[in-house]
There are 4 protein chains.
Amino acid sequence: MFNTKEKILQKSLELFNTKGCINTSNRAIAKEVGISIGNFYYYFKNKEEILIELFLRYLEKIFKDVINLNYEKDEIFLLKQFLLDNLEVEIEYRFIHLEMDQLVNNFPTFKKIIQEQLKKEIIMVSSLMEHQIKHGYIIPLSKEEIEFFVSNMWIVACSNFMYWNLLDFDIYEVMKKAALNKFYLIKPYLTQKSLDNENVKDLEKILKAYYENK
Amino acid sequence: MFNTKEKILQKSLELFNTKGCINTSNRAIAKEVGISIGNFYYYFKNKEEILIELFLRYLEKIFKDVINLNYEKDEIFLLKQFLLDNLEVEIEYRFIHLEMDQLVNNFPTFKKIIQEQLKKEIIMVSSLMEHQIKHGYIIPLSKEEIEFFVSNMWIVACSNFMYWNLLDFDIYEVMKKAALNKFYLIKPYLTQKSLDNENVKDLEKILKAYYENK
Amino acid sequence: MFNTKEKILQKSLELFNTKGCINTSNRAIAKEVGISIGNFYYYFKNKEEILIELFLRYLEKIFKDVINLNYEKDEIFLLKQFLLDNLEVEIEYRFIHLEMDQLVNNFPTFKKIIQEQLKKEIIMVSSLMEHQIKHGYIIPLSKEEIEFFVSNMWIVACSNFMYWNLLDFDIYEVMKKAALNKFYLIKPYLTQKSLDNENVKDLEKILKAYYENK
Amino acid sequence: MFNTKEKILQKSLELFNTKGCINTSNRAIAKEVGISIGNFYYYFKNKEEILIELFLRYLEKIFKDVINLNYEKDEIFLLKQFLLDNLEVEIEYRFIHLEMDQLVNNFPTFKKIIQEQLKKEIIMVSSLMEHQIKHGYIIPLSKEEIEFFVSNMWIVACSNFMYWNLLDFDIYEVMKKAALNKFYLIKPYLTQKSLDNENVKDLEKILKAYYENK
DNA sequence: TATGAATGAGTTTTCATTCAT
DNA sequence: GATGAATGAAAACTCATTCAT
């Protein structure tokens with residue numbers, strides 16, 4: 001069903017998430033997949049190629065829905081989707097965030113890709129914020145406030161796994177916590193119009209329930 | 001003036017901050033200090049011992065002032081000190097945050113220390129928040145809100161260097177940004193009483209000026 | 001027009017001349033030709049087979065004219081042709097001389113072929129010399145002098161590319177220099193009869209012009 | 001008696017001369033010396049460092065006497081020493097010449113050193129020739145003739161081992177042949193004054209005897 | 001003829017750690 | 001306290017060659 005290249009990517013992802021990308025040798029990946037080291041190098045020139053391939057897949061999954069967001073109209077952005085839907089993707093590719101600094105330091109091409117992606121995201125999220133402010137879903141914010149909200153959101157989305165991991169929560173609990181981390185970051189900025197909106201109204205309850213029941 | 005052990009710690013810190021702890025070999029440290037590798041091992045059993053020693057020094061510097069905080073009285077916590085004074089210590093030991101996940105993965109004793117420290121900090125900061133709420137400096141918050149404010153604050157304090165580094169800001173700009181990251185995280189929760197307080201009144205202006213002038 | 005085997009030989013020659021035979025992997029050849037590595041091995045059992053095939057072609061081109069030399073009569077041997085005509089062939093297959101020692105060390109069958117060829121050439125050139133001496137085109141030389149003239153000529157023909165390459169001359173300059181290297185090696189042995197001969201008379205001028213104009 | 005570094009250099013030289021530098025792995029050197037591969041790298045960062053160290057020793061031995069040459073006076077240059085004394089050094093370090101092209105291609109720092117050395121030698125030998133011409137030991141030669149005599153001498157000195165190796169002569173015979181190769185290259189240019197000189201008079205006989213008796 | 005996945009031994013290099021002096 | 005030689009496991013990567021299709 002899966003071909004060798006796919007198997008390498010799958011196992012790499014597993015190993016990266018459990019042992020870390022830096023701490024996973026190419027030999028270990030090959031062994032786990034059940035192929036020779038030579039065959040590993042037949043498919044990937046080096047570990048960075050795997051890393052980039054996995055990162056591109058991550059991006060594709062993350063932005064599959066975001067791209068379809070139509071925030072031209074007077075409409076609140078899909079906060080629920082943003083908080084919940086991406087969560088599983090973030091967990092699936094959690095090594096990316098957990099090792100971000102190391103990856104950036106060790107893989108120069110990956111660094112360039114990450115930097116470009118970050119710049120795009122900043123522009124995208126900033127303009128989304130401005131739109132939401134214009135339509136009264138988010139309280140008025142200065143340029144600086146938007147800049148630092150965006151950076152804080154990125155930082156929290158990137159690093160909250162590490163925090164909960166340190167407290168020995170398991171992966172499902174971490175998922176639930178992660179959504180609330182982001183929710184409480186944005187909550188102070190939501191207007192009454194937002195809080196009355198169907199998409200937001202019960203969100204806190206849903207997230208808590210999600211967090212308590214599962 | 002400095003003994004050998006001290007020199008090792010100083011040079012290790014330098015190297016960890018520039019090249020990363022994981023990417024710095026013990027041999028490189030010994031060479032930089034100007035001692036033999038054998039002598040290095042006379043003072044430190046392994047790199048983890050250096051790491052822990054540096055981390056303890058970091059903690060001591062960070063909590064030197066915090067420990068003296070007397071938040072029994074009706075008094076706003078020293079936000080300015082918290083935002084600015086610690087900043088240089090954070091920068092001085094920045095490798096700790098930049099490589100947090102890697103360090104935790106590779107050094108089990110360090111991990112335990114970090115975890116214990118984190119639990120202490122959560123209790124400490126949570127009770128500080130409750131105290132501030134009680135005295136009307138911070139708006140009323142639920143248990144959950146406090147929990148996630150505390151976690152977000154830790155995450156942001158821990159990882160914002162990475163964010164600004166990716167955008168190619170230099171170390172001094174990163175310092176300035178870092179203070180604002182934390183300020184804008186707490187700002188929505190400050191009451192009018194806080195905003196009128198001498199310690200807070202001009203803080204935004206001061207931070208921006210700090211950020212723009214330096 | 002060209003079949004696959006021919007393409008492999010052509011591309012091998014190109015790669016051997018630019019990167020060296022030892023430094024060119026079979027995979028690189030296959031890739032350059034645009035065929036699979038499996039197909040490469042269909043045509044050639046290993047790199048030595050290519051090497052030998054190329055060497056035989058080189059020999060054929062070099063001795064195409066020499067074989068037709070009729071040096072039975074009282075006639076000076078075709079010095080001009082020897083110096084100029086072979087030059088392009090030598091350049092075309094220059095990797096053979098540049099890597100001679102390595103090739104001999106790594107490819108035992110090639111070594112045998114080279115050795116047999118060398119012995120033939122020694123006999124051939126020695127008897128040519130004796131003939132030229134007999135007819136007064138070359139000054140009388142002892143057995144030893146002939147032996148060492150022949151060896152020096154072979155050595156210079158084989159290795160002069162390396163010398164000029166070290167001095168960073170480009171391929172066309174090297175060609176020109178190579179002719180003069182051989183000319184000045186033989187010049188002291190030419191008799192007046194030689195120097196008056198039409199084939200030789202203006203040779204020095206021609207070679208220098210060739211060397212200066214091109 | 002010999003320390004480890006010296007042993008590595010000695011064994012490297014042996015292996016380079018027998019199997020070739022390119023074909024000798026660092027692991028093979030370590031094994032031959034009887035040390036671990038780690039210990040090998042303690043002494044030499046890579047193979048190029050060994051190569052350069054050996055080359056510098058070769059140069060030192062070769063030019064030990066040449067440097068003392070005083071060719072200011074009306075005196076023939078020490079042809080006998082040049083032909084015989086250096087011979088053993090050339091043999092001792094024969095891999096350098098045998099693999100010259102490959103070494104130059106694979107070791108960039110070595111290439112630079114070789115190029116600088118070659119340029120120095122060209123100047124040195126050219127001025128020596130001019131001096132000998134001035135004092136009547138060598139027949140008058142044009143600039144071009146000197147240039148090509150110098151290059152031919154270098155090429156022959158560099159590559160004659162390969163020639164005699166191909167003909168399966170043993171190392172001692174090769175040594176003797178090598179002297180005669182150079183002698184017969186220079187012989188046509190010697191004046192009667194040279195040939196009558198004590199240093200030269202019996203040189204041919206000596207060399208032949210050397211070649212026949214040993 | 002042609003493909004290309006697969007093998008595995010081999011290469012260079014790094015590094016934490018030990019230990020006799 | 002201090003030296004530095006020595007170890008050996010492990011990392012990334014290469015490459016000639018085979019073989020089923």
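To find a chain, count down the sequence lines: A is the first, B the second, and so on, and within it residues start at 1.
- In this structure, CZ of D/F44 is placed 12 Å from P of F/dA6, rounded to the nearest angstrom.
- Across all strands shown, E/dA20 forms a Watson-Crick or G-U wobble pair, both distances under 3.5 Å, with F/dT3.
- Comparing A/N46 and C/N46 along DNA chain F, the residue whose closest nucleotide (by nearest heavy atom) sits nearer the 5' end is A/N46.
- Summarising the geometry, the separation between NZ on C/K31 and P on E/dT3 is reported as 15 Å, rounded to the nearest angstrom.
- Whole-Å rounding puts the A/N106 CG to E/dT14 P distance at 15 Å.
- One finds no side-chain N or O of D/Y43 lying less than 4.0 angstrom from the OP1 or OP2 phosphate oxygen of F/dG4.
- Comparing F/dA2, F/dT7, E/dA2 against the side chain of D/S36 picks out F/dT7 as the nearest.
- A/E6 and A/R57 are joined by a salt bridge, as a carboxylate oxygen and a charged side-chain nitrogen come within less than 4.0 angstrom of each other.
- Ring geometry, C/H97 versus C/F161: the interplanar angle falls from 30° to 60°, so the pair is classed tilted.
- Rounded to an integer number of Å, the gap from CD of A/E49 to C1' of F/dC13 is 13 Å.
- To the nearest angstrom, C1' of F/dC15 lies 14 Å from CG of A/N39.
- Just one residue in the list D/N17, D/L98, D/L13 forms a side-chain contact (heavy atoms from CB on, under 4.5 Å) with D/Y93, and that residue is D/L13.
- As judged by a 4.0 angstrom heavy-atom cut-off over every strand, C/N26 is placed among residues touching the sugar-phosphate backbone only.
- Comparing atom distances between the A/I35 side chain and each of E/dA6, E/dT7, E/dT11 picks out E/dT7 as nearest.
- Pair check for F/dA10 finds E/dT13; Watson-Crick or G-U wobble, both atom distances under 3.5 Å.
- Side-chain contact between D/F107 and D/K47 is present, with heavy atoms from C-beta onward closer than 4.5 Å.
- The cationic atom of D/K5 (NZ for Lys, CZ for Arg) lies less than 6.0 Å from the six-membered ring centre of D/F44 and within 45° of the ring axis.
- Between D/A28 and C/Y42, the residue anchored closer to the 5' end of DNA chain E is C/Y42, taking for each the nucleotide with the nearest heavy atom.
- For the pair B/K19 NZ and E/dC15 C1', the computed distance is 12 Å after rounding to whole Å.
- Using a 4.0 Å cut-off between charged side-chain N and carboxylate O, C/E14 and C/K11 make a salt bridge.
- Here F/dT18 presents its C1' atom at 14 Å from CZ of C/F40, a figure rounded to the nearest Å.
- At a threshold of 4.0 angstrom between heavy atoms, the contacts of A/I37 include nucleobase atoms, whether or not backbone atoms are also involved.
- Closest contact between the side chain of C/R27 and the listed nucleotides F/dT3, F/dA16, F/dT7 involves F/dA16.
- Each of D/I22 and B/K45 lies near DNA chain E, and the nucleotide nearest D/I22 is the one positioned closer to the 5' end.
- For D/N3 and F/dT3, the CG to P distance is 20 Å, given to the nearest whole Å.
- The side chain of B/T4 lies closest to F/dA2 when the candidates are F/dA2, F/dA16, E/dT1.
- Between A/Y41 and the phosphate of F/dC13, there is a side-chain N or O to OP1/OP2 separation shorter than 4.0 Å.
- Judged by closest nucleotide on DNA chain F, D/G34 is the one of D/G34 and A/G38 placed further toward the 5' end.
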